[in-house]
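See structure below.
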Amino acid sequence: MSWQQRIDNALTQRREADALRRRQPLARGAGRWLECDGQRYRNFSSNDYLGMSQHPAVIRAWQQGAEQYGVGSGGSGHVTGFSHAHRDLETDLAQWLGYPRALLFISGFAANQAVIAALMGEKDRIIADRLSHASLLEAAALSPAALRRFQHNDTPHLSRLLAASVEGLQLVVTEGVFSMDGDNAPLADVAEATAQAGAWLMVDDAHGIGVNGEQGRGSCWQQAVRPEVLVVTFGKAFGLSGAAVLCSESVADYLLQFARHLIYSTAMPPAQAVALRASLAVIRSDDGDERRGKLAQHIAHFREGAQGLDYQLTASESAIQPLIVGKNAPTLALAATLRQRGCWVTAIRPPTVPAGTARLRLTLTAAHEREDIENLLEVLHGVRE
Ligand SMILES: *Cc1c(COP(=O)(O)O)cnc(C)c1O
């Protein structure tokens, strides 16, 4: 088979399964409204859960950061790319979340890859929730360690896997809020099972940070759990992008030696670190509390109004409110109908979610108004008739 044939076959297979992915260039994609081809839609697809991507104080901070530092970091943090802005953000994050250290990464994907690659050796074992994000499972699959997956949120199953004999060390991996179902992990139980086995716990709280817990400190804080490695990302509630790993002094120093995504990659622009610090300040403030309160109202409103629809809701209490349709083609059709009626939603299909559970992944945000949720519910009930 030639290269061309291999590529054509793969594309044909995707097309025939109604699973071909495409991107769409948008005039605006985050916030209450999405703009595409001169049309405005209510946006139920972004991860901008607190509406921070459009916050004036954060925009201004980015502009001021660019004035002060220029637009790029100029290198890896190990060379010249680690500025006062990066250091100050790391200090704020560590203090906010109650860890000795925070290390910034360019993305959550990079942070997860880097941590797992740096920690795991040949005789070790990773035990991950089977619905963990692709960045975690892929890193685990690429690492020399063995990978076992436990049934979603099933702590007894986790304990059984932890009890199997292993030559090296074990790392348990889970999320605070799961990205495709929007449900929470039972972190206290997971942490207890992990500690009993003498293993370490890594929690990726991409969807919980900023939203859950007091001051938006996330799912671990909310459940009074302190994993050895906590990954938080800034592409969701923070409204920007990037990530941080929260850990002990020695783990931070270890990652600075062995995390290749830090060493061989340009640090985030200092202006972005300035903007992230401004976003964190809002998230911790009364403004942040108001945003979380508004989001909680939208979630309750949506779940109540979605009773009686033909589509299955998940056990989600989060901003992620999937409607599970099942097959790919009707899911795409439903997304298209909603779009015609002014609501922009994303259809998520296998292999991103398990086969037969294609869904609309609706996301709510504090940027929405009550009428947006009402409109969405009306349209959904209308489609049914
Ligand atoms: C979005 C997400 C990531 C990736 O983070 P980026 O900063 O977007 O690369 C990692 N883990 C989970 C659970 C996510 O939802």
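As a basis for the values below, the full set of heavy atoms in this structure was taken, side chains included, without hydrogen atoms, waters or symmetry mates.
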[atom1]/[X]: more than 12 non-hydrogen atoms of other groups inside 6.0 Å:
X	atom1	answer
E317	CD	no
E167	CD	no
E374	CD	yes
E122	CD	no
E67	CD	no
R6	CZ	no
Q257	CD	yes
R260	CZ	no

Under 3.5 Å, is there a donor-acceptor pair between the [X] and [Y] side chains?
X	Y	answer
R359	T357	yes
T314	D183	no
N212	H207	no
Y69	H84	no
R217	Q222	no
S241	Q272	yes
R32	N43	no
T365	H368	no
D189	T155	no
Y49	N47	yes
R101	T91	no
D8	Q4	yes

What's the shortest heavy-atom distance between [X] and [Y], and which atoms?
X	Y	result
I106	A267	CD1-C, 4.2 Å
A259	A114	CB-CB, 4.1 Å
R40	E35	CG-CG, 4.2 Å
G176	D205	CA-OD1, 3.3 Å
A61	V274	O-CG1, 3.4 Å
W221	W96	CZ3-O, 4.1 Å

Reference residue R149; test side-chain contact (heavy atoms from CB on, under 4.5 Å); the match among I127, L137, V173 | L137
Side chain of [X], backbone of [Y]: donor and acceptor closer than 3.5 Å?
X	Y	answer
N328	A17	yes
Q223	A185	yes
Q170	A197	no
H86	L103	no
E175	H133	yes
D124	A145	no
E228	W200	no
S76	T266	no
N112	I116	no
Q54	G51	no

Atom pair [atom1] ([X]) and [atom2] ([Y]), whose distance is rounded to the nearest 0.5 Å:
X	Y	atom1	atom2	value
L97	L280	CG	CG	8.0 Å
D129	S132	CG	OG	5.0 Å
L162	H157	CG	NE2	10.5 Å
S279	R277	OG	CZ	12.5 Å
D204	S135	CG	OG	6.0 Å
L187	N153	CG	CG	8.5 Å

Please step through side-chain contact (heavy atoms from CB on, under 4.5 Å) for the pair R339 and V345, ending with a clear verdict.
-> CA-CA 7 Å; R339 207 165 281 190; V345 301; 5.8 Å; no
Is it true that the NZ or CZ of R226 lies under 6.0 Å from the centre of Y99's six-membered ring and within 45 degrees of the ring axis?
-> yes
Six-ring centre of W33, R28 cation under 6.0 angstrom, axis tolerance 45° =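 Negative - R28 is either too far from the ring of W33 or too far off its axis.
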Would you kindly confirm whether [X] and [Y] end up in one hydrophobic cluster when ILVMFWY residues are joined by side chain heavy atoms under 4.5 Å apart?
X	Y	result
I324	I348	no
V282	F234	yes
V115	L104	no
L201	L119	no
L147	M120	yes

Assess whether side chain to side chain donor-acceptor pair (under 3.5 Å) is satisfied between H55 and D287, documenting all intermediate values.
-> CA-CA 11 Å; H55 197 290; D287 183 351; 2.9 Å; yes
Does a side-chain heavy-atom distance below 4.5 Å link P156 with R160?
->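 Counting from C-beta outward, P156 and R160 do come under 4.5 Å.
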Taking the side chain as C-beta and beyond, is there a heavy-atom pair between W344 and Q24 under 4.5 Å?
-> yes
Residues passing the ring-ring contact (aromatic ring centres under 6.0 Å, His included) test with F178, sequence neighbours excluded, are H152
Could you tell me whether E290 and K294 have a side-chain N and a carboxylate O separated by less than 4.0 Å?
->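 No, no charged N to carboxylate O under 4.0 Å.
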Charged N to carboxylate O below 4.0 Å: is that the case for E371 and R42?
->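 Looking at E371 and R42, the cut-off is met.
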Could you please spell out the steps behind the side-chain contact (heavy atoms from CB on, under 4.5 Å) verdict for S143 and I126?
-> CA-CA 9 Å; S143 91; I126 297 175; 3.9 Å; yes
Dump the intermediate steps for side-chain contact (heavy atoms from CB on, under 4.5 Å) on V172 and L158, then the final yes or no.
-> CA-CA 9 Å; V172 172; L158 166 63; 3.9 Å; yes
Start with the C-alpha gap between S316 and R303, add the side-chain angles, then the distance that decides, and say whether side-chain contact (heavy atoms from CB on, under 4.5 Å) holds.
-> CA-CA 9 Å; S316 167; R303 286 188 70 84; 4.3 Å; yes
